[in-house]
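Counting starts at 1 for both ligands and their atoms, following the listed order. Computed from a predicted structure; not experimentally measured.
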Amino acid sequence: MRVGILGGGIIGLSSAYYLQRAGHQVTIIDQDDLQIGCSTGNAGMIVPSHLIPLASPGMISKGIRWMFNSTSPFYVKPRWSGDLIKWGYHFYQHANKEHVAKAAIALKEISLFSKSIYQQWAKELPFDFEYHERGLLMLYQTKEAEHEESETAHFANKHGIEAHILNSSEVQNLEPHVKVQARGGVFFPGDAHLTPQLLMSQLIPYLKHQGVVFKTKSTLTDFIVESQKIRELVSSTERFSFDEVILASGSWSGAISKKLNVNLPMQAGKGYSLLTPIQKNIQVPSIFLEARVAVTPMGNNIRFGGTMEIAGVNHSINMNRVKGIVDSIPKYYPEMSIPMPLQSNVWHGLRPCSPDGLPYIGRSKQIKNLTIATGHAMMGLSLGPGTGKLVQQIIDQNQTSISMEAFNPERYN
Ligand SMILES: Cc1cc2nc3c(=O)[nH]c(=O)nc-3n(C[C@H](O)[C@H](O)[C@H](O)COP(=O)(O)OP(=O)(O)OC[C@H]3O[C@@H](n4cnc5c(N)ncnc54)[C@H](O)[C@@H]3O)c2cc1C
């Protein structure tokens with residue numbers, strides 16, 4: 001079949017990988033040149049440990065507290081937007097224990113599935129993307145964070161995800177080359193990391209070589225729909241006709257799906273990252289819990305990433321929040337500090353956030369030749385290959401490798 005994929009981030013590329021291998025004629029359409037998108041500058045963590053979605057008990061009160069701090073890691077920009085109000089309402093409805101219990105089962109299944117594909121890719125793909133299985137350390141300095149993270153560790157162990165609660169010297173033992181200042185931490189040995197810019201920049205030419213067609217700098221503007229099927233895609237550069245269409249347009253997917261009368265509540269969660277040369281040899285990727293900053297060793301560099309600004313699809317850089325990231329570094333690694341970067345050296349990405357923290361993956365009932373694969377929020381890199389394989393199974397009407405119920409893309413219709 002001729003399959004058109006809207007969006008060339010990790011979800012679009014992973015879908016293309018499996019669809020092309022299954023014998024389809026695949027075209028990726030993207031408004032950008034695929035150099036600096038959300039799938040490139042992220043923290044590179046592969047996180048089966050992340051069982052708890054953002055919509056969880058306590059998040060609303062924490063979010064309100066953080067809204068009044070200009071350097072805080074989480075921020076919802078108050079604005080009159082019907083989409084934001086509806087999204088916030090759905091978020092509120094899901095921020096409870098019952099939802100967390102259900103979501104954890106679904107997230108664990110898709111995370112482990114996707115990680116198993118990364119293990120396979122690391123062996124089979126003809127290029128290296130620095131995939132390492134060294135776990136993840138969640139570092140905390142306050143009693144409050146210790147309590148919260150210990151609960152998370154118990155929750156993870158109960159769900160079969162290994163987690164160890166460590167005191168400060170046990171944390172230090174895991175990082176022999178850098179002084180760590182923490183009350184303690186939780187270690188998730190099953191997590192992994194990779195260098196996303198290496199993965200993305202090599203996967204694109206690899207797919208081209210396999211026959212996938214890339215139409216970049218081509219913005220989807222409209223659809224021609226007939227008898228509940230997309231007959232044509234209208235872009236800024238040309239018109240396309242496909243048998244099957246995959247919507248993998250990240251944070252833009254909500255606005256695009258509106259053109260098809262499909263309701264996909266979505267908010268962009270902006271985050272920033274900084275790549276700096278290695279100062280100290282950090283072994284294990286970490287998250288500074290109080291600051292919500294992710295630290296990942298990537299070759300000869302270290303990436304620091306963080307913040308979640310729900311402020312619409314825009315590309316402004318809030319240097320106050322970047323300062324929050326920079327200031328957190330010597331608090332946790334007292335021998336390390338980095339200068340405040342120029343605004344032009346700060347990377348930003350827009351995480352596609354569904355209100356319940358679960359991705360949208362599945363075939364649309366309203367538009368018969370549309371499959372949706374988006375809304376992976378903080379876990380898109382982790383869940384990319386798994387999602388790509390599921391998309392191919394859906395298109396080929398194969399039995400899916402995991403249960404898909406929780407990811408129904410039309411659950412808000
Ligand atoms: C600071 C930060 C750190 C992160 N760290 C991690 C991490 O450690 N681990 C993890 O798993 N995830 C992480 N993430 C999240 C992850 O990066 C995202 O979930 C993931 O990149 C989303 O991939 P995607 O393919 O859905 O979207 P994108 O990568 O945004 O791709 C969507 C594509 O669609 C294109 N598009 C949109 N509209 C149109 C249109 N109208 N026409 C044509 N093309 C269009 C866009 O140009 C874009 O290229 C992080 C994110 C941030 C911001």
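- Both tests do not hold together for K62 against F74: distance to the six-membered ring centre under 6.0 Å, angle to the ring axis within 45°.
- For atom 2 (C) of ligand 1, the closest heavy atom belonging to the protein is R351 NH2, 3.5 Å.
- Using a 4.0 Å cut-off to heavy atoms of S382, the atoms of ligand 1 that qualify are 10 (C), 11 (O).
- For atom 18 (C) of ligand 1, the closest non-hydrogen atom on the protein side is A377 O, 3.6 Å.
- Taking the side chain as every heavy atom from C-beta outward, I302 and K280 never approach each other to under 4.5 Å.
- Looking at R303 and Q197, their side chains do bring a donor and an acceptor atom within 3.5 Å of each other.
- Proximity of G44 to ligand 1 is established by a heavy-atom distance of less than 4.0 Å.
- A side-chain contact (heavy atoms from CB on, under 4.5 Å) with V346 is found for exactly one of V326, N318, I325, V322, namely V322.
- Of the protein's non-hydrogen atoms, Q31 N, 3.1 Å is the one closest to atom 43 (C) of ligand 1.
- Taking all heavy atoms of I256, I325, V47, D30 into account, the minimum distance to atom 46 (C) of ligand 1 is reached by D30.
- Nearest protein heavy-atom neighbour of atom 41 (N) of ligand 1: L220 O, 3.3 Å.
- Between Y118 and W121, the angle of the ring planes goes over 60°, which puts this pair in the perpendicular group of the 30/60° scheme.
- Of the N and O atoms on the side chains of N314 and K270, at least one donor lies less than 3.5 Å from an acceptor on the other residue.
- For L381, a nitrogen or oxygen atom sits less than 3.5 Å from a nitrogen or oxygen atom of ligand 1, counting backbone and side chain alike.
- Residue P352 holds the heavy atom nearest to atom 22 (C) of ligand 1 of all those in A248, S114, P352, P359.
- Interface atoms of ligand 1 facing M379, defined by a heavy-atom separation under 4.0 Å, are 10 (C), 11 (O), 12 (N).
- Side-chain contact annotation: T387 with H376, donor-acceptor N/O pair under 3.5 Å present.
- For ligand 1, the atoms lying closer than 4.0 Å to a non-hydrogen atom of I10 are 23 (O), 25 (O).
- Protein heavy atom closest to atom 12 (N) of ligand 1, with residue, atom name and distance, is M378 O, 2.9 Å.
- Of the protein's non-hydrogen atoms, the one nearest atom 27 (O) of ligand 1 is G250 CA, 3.6 Å.
- Looking at G380, S39, G7, G349 and measuring to atom 23 (O) of ligand 1, the nearest heavy atom belongs to S39.
- Nearest non-hydrogen protein atom to atom 24 (P) of ligand 1 is I11 CG1, 3.7 Å.
- Looking at ligand 1, you'll find an N or O of A43 within less than 3.5 Å of one of its N or O atoms.
- Considering backbone and side-chain atoms together, L34 places no N or O closer than 3.5 Å to any N or O of ligand 1.
- Here S218 has backbone heavy atoms under 4.0 Å from ligand 1, and that is the only part of it that gets that close.
- There is no side-chain donor-acceptor pair under 3.5 Å between S81 and D83.
- Remark: ligand 1 and C38 share an N or O pair separated by less than 3.5 Å (distance only, no angle test).
- Under 4.0 Å from ligand 1, heavy atoms of M45 appear from its side chain as well as its backbone.
- If you look at H193 next to ligand 1, there are no close heavy atoms at all, none under 4.0 Å.
- Which parts of ligand 1 touch Y272 is read off a 4.0 Å heavy-atom cut-off, strictly below it: atoms 1 (C).
- When side chains are defined from C-beta on, L203 counts as touching L207, because their heavy atoms get closer than 4.5 Å.
- Side-chain contact annotation: E232 with S241, donor-acceptor N/O pair under 3.5 Å absent.
- Side-chain polar atoms of D191 and S49 form a donor-acceptor pair below 3.5 angstrom.
- Note on ring orientation: taking the six-membered ring where Trp is involved, the planes of Y332 and F288 are parallel (angle under 30°, cut-offs 30° and 60°).
- Here the protein heavy atom with the shortest distance to atom 50 (C) of ligand 1 is N42 CB, 3.3 Å.
- With Y272 as the aromatic partner, R321 does not meet the cation-pi criteria of under 6.0 angstrom to the ring centre and within 45 degrees of the ring axis.
- Q31 and S218 form no side-chain donor-acceptor contact under 3.5 Å, judged by distance and modelled atom types alone.
- S273 does not count as a contact of ligand 1, since none of its heavy atoms falls under 4.0 Å from the ligand.
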